[in-house]
Amino acid sequence: MSATALAAPATPAPARRLDPLALLALPGLAFLGVVFLLPLLLLLWSSIRGAEGFSLQGYVRVLGDPYYVGVIGASLQLGLVTTLGALLLGYPAAFALARAKGGWQVLLFALVFLPLTVSIIVKSFGWGIVLRRDGILNWAMLNLGLIERPVRMIFTEGALYAGMINVFLPFMVLPIYSVVRMMDPRLPDAAATLGASPWFRFTRVTLPLSLPGVVAGVSLVFSLAVAAYVTPSLLMGDRYMTMSMVMAKAFLNLRDWQLGAAMAAVLLAVAAFVVVGASVLQRRLGGR
Amino acid sequence: MERLGLGIAWTALVLVILFLLLPIVVVIPVSFTEATVFRFPPEGFSLQWYAKIRNVDGLLGALWLSARIAALATALSLLLGTLCAIALVRGAVPGAAAITTFMVSPLMLPGLVLGIALLQAAREVGLRDAWWSLLLAHVVITMPFVMRTVLGSLSLFDFAMVDAARTLGCSYPVALWRVLVPNILPGFVSGALFAFIASFDNYPVSMFLVDVRTKTLPIQLLNYLEISPDPTLAAVSTGLIGLTVLVLILCDRLVGLRRMASI
């Protein structure tokens with residue numbers, strides 16, 4: 001599920017002159033150049049532009065203020081916890097999904113896939129109903145006798161992590177599933193024939209073969225979670241500020257464009273680091 | 001030990017599916033409640049919240065706007081993306097790998113960063129019209145989905161089959177229509193579907209570009225959730241979920257769900 005997973009199309013023999021077919025790429029390239037690349041460069045430019053010429057004031061304010069450093073730390077922590085939780089749940093689930101037979105696999109696949117297509121607003125709204133004081137979880141626990149009176153769950157960090165994992169879990173399961181599905185199930189069997197213990201088979205055969213899927217899933221979930229906006233602001237509000245929330249506030253409420261642009265550049269750097277890191281890892285894994 | 005591993009995997013899958021479906025399924029009973037708050041278990045049965053959908057200010061307008069923007073953006077992306085994919089697969093394009101990465105890169109960019117960049121650029125060039133800036137932004141959002149799937153299916157297609165069809169007596173356009181189109185159709189349909197959903201659902205980019213009169217559905221829904229959270233929202237959500245299930249079933253019938261998502 002990353003750009004690196006796409007095989008670069010093979011280019012036919014070196015062009016003598018410019019191939020007229022190559023011109024077909026121009027409209028799309030020009031469009032993204034003007035509507036995507038140019039605005040992005042403009043944003044980076046405005047993060048180093050002060051009232052009178054060049055200024056790093058925005059970065060000094062973001063990286064020198066303990067509050068904003070704390071926000072960056074909180075976003076990274078949210079990304080890490082979400083990724084770890086999704087990996088622990090998603091990895092074994094992806095195996096079961098890949099090993100399911102025939103019609104079952106289609107049905108189970110659809111059930112994992114469906115939440116991806118449901119609006120994030122609807123899902124966050126649903127989480128609210130689940131976690132409310134008079135919500136389904138408290139109701140279930142009361143009836144089971146696990147608790148004596150409703151507990152407050154919404155607006156807690158635990159609820160935020162659960163909600164984040166809920167939203168991003170399919171992005172972990174699907175890439176791992178698509179790698180495991182292509183794996184030859186006879187390989188662990190062959191290792192077993194050669195006397196490998198189950199633990200050895202898993203750590204030396206199955207796990208290394210599934211790593212490309214894990215790298216794709218981890219990088220996807222982390223980069224989505226670290227930049228998340230809707231879920232944290234609905235489940236936590238101002239109590240848990242993420243980089244995205246600071247950016248939104250800076251642009252929409254404070255009209256402080258320099259602050260917002262500098263924060264955006266920091267988030268962009270994190271995202272670029274993850275993408276580049278993942279593609280280097282993928283190349284290493286593929287090149288063995 | 002072997003059985004233990006398999007047991008863990010199956011337990012995890014069942015838990016994952018229950019966990020994923022929980023927040024989606026709970027809104028359905030709440031939408032039929034008689035009470036004015038969403039308490040669980042819901043009390044009684046009524047369709048009043050569905051009837052109220054019509055009275056919510058701007059909701060149907062937002063739905064219509066989102067549908068139009070998503071359809072237009074997807075169509076434009078399909079046009080620009082397909083042309084680009086044909087050039088990359090069939091033509092001698094210098095730096096083809098770099099161009100491919102560039103065309104799918106909006107997908108890896110945090111949505112808010114894209115939204116802010118576009119807001120700033122729109123102000124810079126004096127584009128004040130929310131409708132047009134939304135449409136342009138959504139073409140950027142949808143392009144990676146279209147590029148990935150169309151490029152994927154085009155590069156898997158063996159163009160010698162078109163020549164074979166012509167040898168067997170088809171004219172060139174007929175050969176394209178009877179051989180090329182059926183082969184790459186699943187890629188097109190799934191790319192278009194993903195693109196449409198990505199646009200229809202987008203919040204972080206749109207939030208910077210909407211104005212008071214031009215609001216997309218996710219923005220309008222979140223506004224409503226913040227101002228007056230009542231079961232009307234559950235009714236709208238149930239409707240959206242039903243629509244999604246319908247589209248998924250349709251796609252499964254047309255191209256096969258697994259084939260769609262494997263690209």
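Proteins come first, then strands; the chains are lettered A, B, ... in the order of their sequence lines, and each starts at number 1. Computed from heavy atoms alone, side chains included, the values below leave out hydrogens, waters and symmetry copies.
- Judged purely by atom type and a 3.5 angstrom limit, A/N166 uses its side chain to pair as donor or acceptor with the backbone of B/F19.
- For chain A, the option among B/L154, B/L119, B/I24, B/T82 with the highest count of heavy-atom pairs below 4.5 Å is B/I24.
- Put simply, the side chain of B/I17 reaches to within 4.5 Å of the side chain of A/V112, judged on heavy atoms.
- Residue A/G126 comes nearest to B/V26 through the heavy atom pair O-CG2, 3.7 Å, listed as atom of the first residue, atom of the second, then distance.
- The part of B/M143 that comes within reach of chain A is its side chain, from C-beta onward, which places non-hydrogen atoms under 4.5 angstrom from that chain.
- Contact annotation: the side chain of B/M207 approaches that of A/L252 to within less than 4.5 Å [non-hydrogen atoms, C-beta and beyond].
- Contact annotation for B/L114: only side-chain heavy atoms (C-beta onward) come within less than 4.5 Å of a heavy atom of chain A.
- Interface remark: of the candidates B/L221, B/L136, B/I241, B/L76, B/L136 forms the most heavy-atom pairs closer than 4.5 Å to chain A.
- Taking CG of B/L222 as the reference point, atom OG of A/S233 lies at 6.5 Å (rounded to 0.5 Å).
- The distance from the CD atom of B/Q120 to the CG atom of A/L42 is 5.0 Å, given to the nearest 0.5 Å.
- With a threshold of 4.5 angstrom between heavy atoms, A/A248 approaches chain B through its backbone and through its side chain.
- With a threshold of 4.5 angstrom between heavy atoms, A/L224 does not approach chain B through any atom at all.
- Contact count against chain B (heavy-atom pairs under 4.5 Å) is highest for A/S46 among A/S46, A/A272, A/A265.
- In terms of heavy atoms, B/P23 sits closest to A/K123 at CB-O, 3.7 Å.
- Counting heavy-atom pairs under 4.5 Å between each of B/V140, B/L240, B/V236 and chain A puts B/V140 at the top.
- Residues B/L13 and A/P92 have side chains not in contact (no heavy-atom distance under 4.5 Å, counting atoms from C-beta outward).
- In this structure, the portion of A/L234 lying under 4.5 Å from any heavy atom of chain B is its side chain and not its backbone.
- Atom CD1 in A/I129 sits 7.5 Å away from atom OG in B/S237 (nearest 0.5 Å).
- Interatomic distance, A/F113 CZ to B/L248 CG, rounded to the nearest 0.5 Å: 6.0 Å.
- Once rounded to the nearest 0.5 Å, the distance linking CE of B/M108 with CG of A/L268 reads 12.0 Å.
- Of the residues considered (A/I165, A/N138, A/V270, A/L88), A/I165 shows the highest number of contacts with chain B, using heavy-atom pairs under 4.5 Å.
- Proximity to chain B involves both the backbone and the side chain of A/T117, based on heavy atoms less than 4.5 angstrom apart.
- Of the listed residues (B/T244, B/V247, B/I197, B/I116), the one with the most heavy-atom contacts under 4.5 Å to chain A is B/I116.
- What you find for B/L118 and A/P39 is that their closest heavy atoms are CD2-CG, 4.0 Å.
- Taking the six-membered ring for Trp and the full ring otherwise, A/F31 and B/F102 have centroids separated by 6.0 Å or more.
- Between B/A87 and A/A22 the shortest heavy-atom distance is CB-O, 3.9 Å.
- Taking a 6.0 Å sphere around CZ of A/F273, one finds it holds 12 or fewer heavy atoms contributed by other residues, nucleotides or ligands.
- Of all non-hydrogen atoms in B/A9 and A/F95, the two that sit nearest each other are CB-CB, 4.5 Å.
- Counting heavy atoms from C-beta outward, B/V139 and A/V35 have side chains that stay 4.5 Å or more apart.
- Side-chain contact between B/L6 and A/R99 is absent, with no heavy-atom pair separated by less than 4.5 Å.
- Both the backbone and the side chain of A/A100 come within contact range of chain B, with heavy atoms under 4.5 Å apart.
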Decide yes or no on side-chain contact (heavy atoms from CB on, under 4.5 Å) for B/R90 and A/L24, but give the supporting numbers first.
-> CA-CA 10 Å; B/R90 295 297 286 167; A/L24 289 180; over 6 Å; no
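- Of all the heavy atoms in A/S244 and B/L112, the pair that sits closest is O-CD2, 3.1 Å.
- The shortest side-chain heavy-atom distance between A/V122 and B/T238 does not fall under the 4.5 Å cut-off.
- For the pair A/V173 and B/L20, the minimum side-chain heavy-atom distance is 4.5 Å or more.
- Note that CG of B/L88 is 11.0 Å distant from CG of A/L21, once rounded to the nearest 0.5 Å.
- When side chains are defined from C-beta on, A/L40 counts as touching B/L109, because their heavy atoms get closer than 4.5 Å.
- Looking at A/I121, only its side chain comes within 4.5 Å of chain B, counting heavy atoms on both sides.
- For A/V118, the parts lying under 4.5 angstrom from a heavy atom of chain B are both the backbone and the side chain.
- By the 30° and 60° cut-offs, the orientation of the rings of A/Y229 relative to B/Y203 is parallel.
- Interface summary for chain B: among A/S119, A/A227, A/A264, A/A271, the most heavy-atom pairs under 4.5 angstrom belong to A/S119.
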